[in-house]
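First the proteins, then the strands, lettered A, B, ... as listed; each starts at 1.
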Amino acid sequence: QIHFVLLVSRQGKVRLTKWYSPYTQKERSKVIRELSGVILNRGPKLCNFVEWRGYKVVYKRYASLYFCMCIDAEDNELEVLEIIHHYVEILDRYFGSVCELDLIFNFHKAYYILDELLIAGEIQESSKKTVARIISAQDQMVEAAKEEAGSISYIIAQAS
Amino acid sequence: MEQLKTIGRELAMGSQGGFGQSKEFLDLVKSIGEARSKAEEDRIVLSEIDILKRKLLEPDIPKRKMKEYIIRLVYIEMLGHDASFGYIHAVKMTHDDNLLLKRTGYLAVTLFLNEDHDLIILIVNTIQKDLRSDNYLVVCAALNAICRLINEETIPAVLPQVVDLLNHHKEAVRKKAIMALHRFHRKSPSSVSHLISNFRKRLCDNDPGVMGATLCPLFDLITEDVASYKDLVSSFVSILKQVTERRLPKSYDYHQMPAPFIQIKLLKIMALLGSGDKSASEIMYMVLGDLFKKCDSSTNIGNAILYECIRSISCIIPSPKLLEAAADAISKFLKSDSHNLKYMGIDGLGRLIKISPDIAEQHQLAVIDCLEDPDDTLKRKTFELLYKMTKSSNVEVIVDRMIDYMISINDNHYKTEIASRCVELAEQFAPSNQWFIQIMNKVFEHAGDLVNIKVAHNLMRLIAEGFGEDDDDADSKLRLSAVESYLQIMSEPKLPSLFLQVISWVLGEYGTADGKYSASYISGKLCDVADAYSSDETVKGYAVSALMKIYAFEIASGRKVDVLPECQSLIEELLASHSTDLQQRAYELQALLALDARAVESILPLDASCEDIEFDKDLSFLNGYIQQAIESGAQPYISERERSGMLETTDYHSQDHHEVPSHALRFEAYERPKPSSLRTQASTELVPLPEPSYYSEAHQPISTSSVSERESSEIKLRLDGVKQKWGRPSYQSSTSASSTPPQAANGTSSHPDVGVGSSSLKPRSSYESKKPEIYPEKQRLAASLFGGSSSSRSDRKSSSGGHKPAKGTASKPPKENPIPVQPPPDLLDFGEPTATSVTATDPFKELEGLMDSSSQDGGSTDVMGVLYSDAAPVTTTTSVDSLLSELSDSSKGNPGTYQSQTSKGPNSQEALEKDALVRQMGVNPTSQNPTLFKDLLG
């Protein structure tokens, strides 16, 4: 079971947090401080896992952003590493070559996508297509004007 | 053309939905992004909080504006600040009819509130309404919220509706309903115990996503009660078989592995079901064996499945063939250059070693490399392995290593763990008493504040009782050596309190026993302790008691006692102490000094700490006194049983009091199954209950104490395994107790091969060229750890190398290329699925009989079969997929190869658009941090 998901930039700035187990605001800050201290200082060739307070934290760096997930000691680390990657791939598909800036300004969208992937710390859907489908169904509820603009920009993009 | 592009960018700004926020919000994000320190960031957030507080008070805020405020609140909270002033607005937003706003509301509340927040009651109502919505997206949003927000009390309010949703026509809803039920089961198993059949039913849902989600609750249920799910063994096996045969839709593929996350979940379940069950295990042999062949060990996900297979095999009763396959997989992991895989290999070794103890031997050098690796994670994992393979012949080396490591780290959590492991191993395998005391001293000295107090008590008892043999001479030698070592250590500054307690106790009890040290010498030392650690009352108490014993022994043996002046002043100081405990000890000591030898001897006899004190529970010696009292007219004693008649009422009362918070009231409120009246009841009944606070109060002390208990019970469990593992006489006889002094620090620093950069190359070459390059230290260490001589090892190596010579030669030439050169094309046969889909029997039909409601689903099983087999042949790998799969290749180090020329076109354009957009908004962090624009996957 995943206890929390953490996105931290290389400078230690928090980009996204999702807590599946109860932590008070104070504990959260402490966890983030502690973990970013540990993870950001690790060398590039080392394991993507850190043992921490009896749990394990699996992390992976994408460009300047670290994706971290905290799991139980008995969980499969490689699997969680792939769950992270799975999430990044879905983000990538959704935003179109996702970058850190996308997540900074659209963190709520990143949350929506995460909610379709994980529920209560368990992976609920492993098909990228299914996640994409439901997210786009949700997005269609958003203003129609946006769609229009999107199609025009597509035409222009084709032209240029 | 240029113009067109600019227009495009401008339009793109509108199309990027998320960027559609106001300037204010973008400015906030921007300024936070540019903040140079945490303090600056905090200042910005605090002023933002002020702004939002003011804005939220304004009347008639337009909904769109409100939505943005709430997203800003989420942002604040995410940065670690308190946004509770705005929670109520998020709750209100969930009531909105507009899905977009509702979803924002739900998102915010799931991030803000935890399940026992007071505001939850205001949401339950909305959730109930939304679960009935026609729009499945609304239902999904509500179910998402349920998974986060519903607690034991509110489960009954939504349970019936969630159960209904299990049959919803949209698979997304069914899946979330399953997850919600799973959540309920976690929160309060009794609330859903009558619904467990639903999980079985959903296991054969048409939609693989729903089936996959069902595995989560089933895993939990099976963990709790294996026996009642044995009937599902063949179903799980057949599902796994179908998955590996690519009969799930292609969209579940991940890096060309068919539905790997489902496979892993299934393997976990099979491990539970096959544990200790020969017949169940046998059913699994086939599919597990196939998995070893099919898993592509060049991708990370393939290795994840391989690792899960190893775990399953270590749990079930495996066949020799499977064991061999698992051992092969482990050796591949260990030989890999990737630290991740080495880590998994060490972990797998630790699991498999329980079953076949000699498997570690052929990997001894790899293990030692990992032990000396600069990567802390890997090192710790290796210590865990060593801990599992400790026996009396290698305990000294292993514990010494552990202690060296323990001293070198600062992480208290792990320090505690490794200290308790040292203690445990020392207690179990100690070759000599002296060694044991030495080790304990080291543990106490360096981690004394972290070890369980029981360990200290054990040590004291051990010194007092000796080691079981009736050899008084040896015992007194042991005590003397303990006293000597303590007198030496005492001069060190800043010792942990617990250690000082042990020292004081031992010195008091045995300091003068041997006659080697005079009473005044020992008592002087004890006074020093009390003086140096004057703020620690426990230590002081121990020291005073020790002084009392020293003087008592002196008096009893008829010598004259000279109380040292510093001791005298200590006593005087303590007589006026604020601590009643210390005061009493001081008074006792003072009183004792005035007594004669005979009296003192009976108060504190020599070396009597272990004598059983006889209790006269009936207090028979008081009989005469009682008789006298009764005769002079006192009331006779009424025994407890007789009195209990009177006490019964109060008993009841207190019992009631206990039960109220746990059950009685809550169920009353919800048991009436009328949905209409239920809501009002829920809100009225729940508000006034002060339960949560009571609950936490009552349970806090228990939970803290249980931590240590759990620890110790864990220790016990592991012990059994250790004994079993190494108990084989044949193995132990061959081991020579060649305890090489472990040159931990020296060894690592003197040899360049363990340096960061070269560590990846070195071990490999040492494997291939075997002997000549192995450093003698390493060899010796290996010998002392693994007990085997080097010649027997090389024998083993050559024999194991016999059946895979091709591998050795293949991996030699491309030393620089980290990708193992073994792409087995026949394993990833894409033609296979088409062939298998033609097979007449549908394994899913086997499931039919198992499910009580299969008649209802009768059609669907067929549909599913068709569905899966229809999807299966579509295995033409798109170029995108194959590119992505390369990406996950962990051994490549950087995930950089993804963006090949073909896919770069549109991406760079999008990046341009983003760049333009951001510039237009005045957010220009490029100069600060250009990496913000870097594609995460590129």
Side-chain angles (χ1 to χ4, degrees), chain A residues 14 17 22 25 28-29 32 43 45-51 53-54 62-65 76 78-79 81-82 85-86 88-89 92 96-101 104-106 108-109 111-112 115 119-120 122-130 134 137-138 141-142 146 149-150 152-153 156-157 159-160, chain B residues 1 4-5 7-8 11-12 14-15 17-19 29 71 78-80 82 99-100 107 114 137 144 147 172 175 179 183 209 212-213 216 251-252 254 259 261-262 264 300-301 303-304 307-308 339-340 343-344 375 377-378 380 413 884 888 907 909-911 914 931-938:
Chain A
V14 179
T17 57
Q25 193 66 267
R28 291 177 183 187
S29 311
I32 293 169
K45 284 212 93 182
L46 308 184
C47 292
N48 291 77
F49 326 126
V50 178
E51 285 178 21
R53 294 201 209 161
Y62 291 91
S64 56
L65 200 55
N76 183 338
L78 289 179
E79 182 197 8
L81 206 54
E82 290 310 290
H85 191 74
H86 189 48
V88 176
E89 280 184 359
D92 193 57
S97 63
V98 64
C99 66
E100 191 178 340
L101 208 64
I104 295 174
F105 287 106
N106 293 298
H108 55 296
K109 300 237 159 144
Y111 273 126
Y112 288 136
D115 277 346
I119 274 198
E122 300 271 8
I123 184 160
Q124 62 152 329
E125 182 54 69
S126 58
S127 159
K128 254 172 273 181
K129 213 180 260 171
T130 314
I134 194 154
Q138 285 167 357
M141 313 292 285
V142 187
K146 182 197 141 190
I152 294 173
S153 81
I156 294 167
S160 58
Chain B
M1 198 61 187
L4 251 180
K5 260 187 188 164
I7 297 168
L11 283 169
S15 75
F19 284 74
V29 175
I71 289 185
M78 193 172 85
L79 292 175
D82 179 38
L99 175 64
L100 189 63
L107 175 69
N114 57 19
L137 292 173
N144 263 350
C147 289
K175 189 174 60 194
M179 296 307 269
R183 189 80 189 147
C216 298
S251 69
Y252 282 86
Y254 176 83
F261 299 108
I262 292 177
I264 288 173
N300 203 10
I301 192 68
N303 286 323
Y307 167 72
E308 203 58 54
H339 272 67
N340 286 349
Y343 177 93
M344 300 319 262
D375 187 345
T377 310
L378 193 54
R380 288 182 188 185
H413 184 91
L884 283 176
S888 79
N907 286 340
Q909 188 221 335
E910 270 164 31
K914 269 177 213 162
T931 52
L932 286 180
F933 291 103
K934 230 187 231 167
D935 293 354
L936 291 181
L937 278 170

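Scanning both residues, Ser29(A) and Gly80(B), for their nearest heavy atoms gives OG-O, 4.0 Å. The two residues His413(B) and Arg53(A) make their nearest non-hydrogen contact at NE2-C, 3.3 Å.
Contact of Met78(B) with chain A is made through backbone and side chain together, with heavy-atom distances under 4.5 Å. Heavy-atom distances place both the backbone and the side chain of Glu51(A) under 4.5 Å from chain B.
Each of Asn144(B), Asp82(B), Leu79(B), Asn114(B) has some count of heavy-atom pairs under 4.5 Å with chain A, and the biggest count is that of Asn144(B). In terms of non-hydrogen atom pairs under 4.5 Å with chain B, the most contact-rich of Val14(A), Thr130(A), Ile119(A) is Ile119(A).
Between the side chain of Tyr254(B) and the main chain of Glu82(A), a donor-acceptor pair closer than 3.5 Å is present.
The CD atom of Glu89(A) sits 7.5 Å away from the OH atom of Tyr62(A) when rounded to the nearest 0.5 Å.
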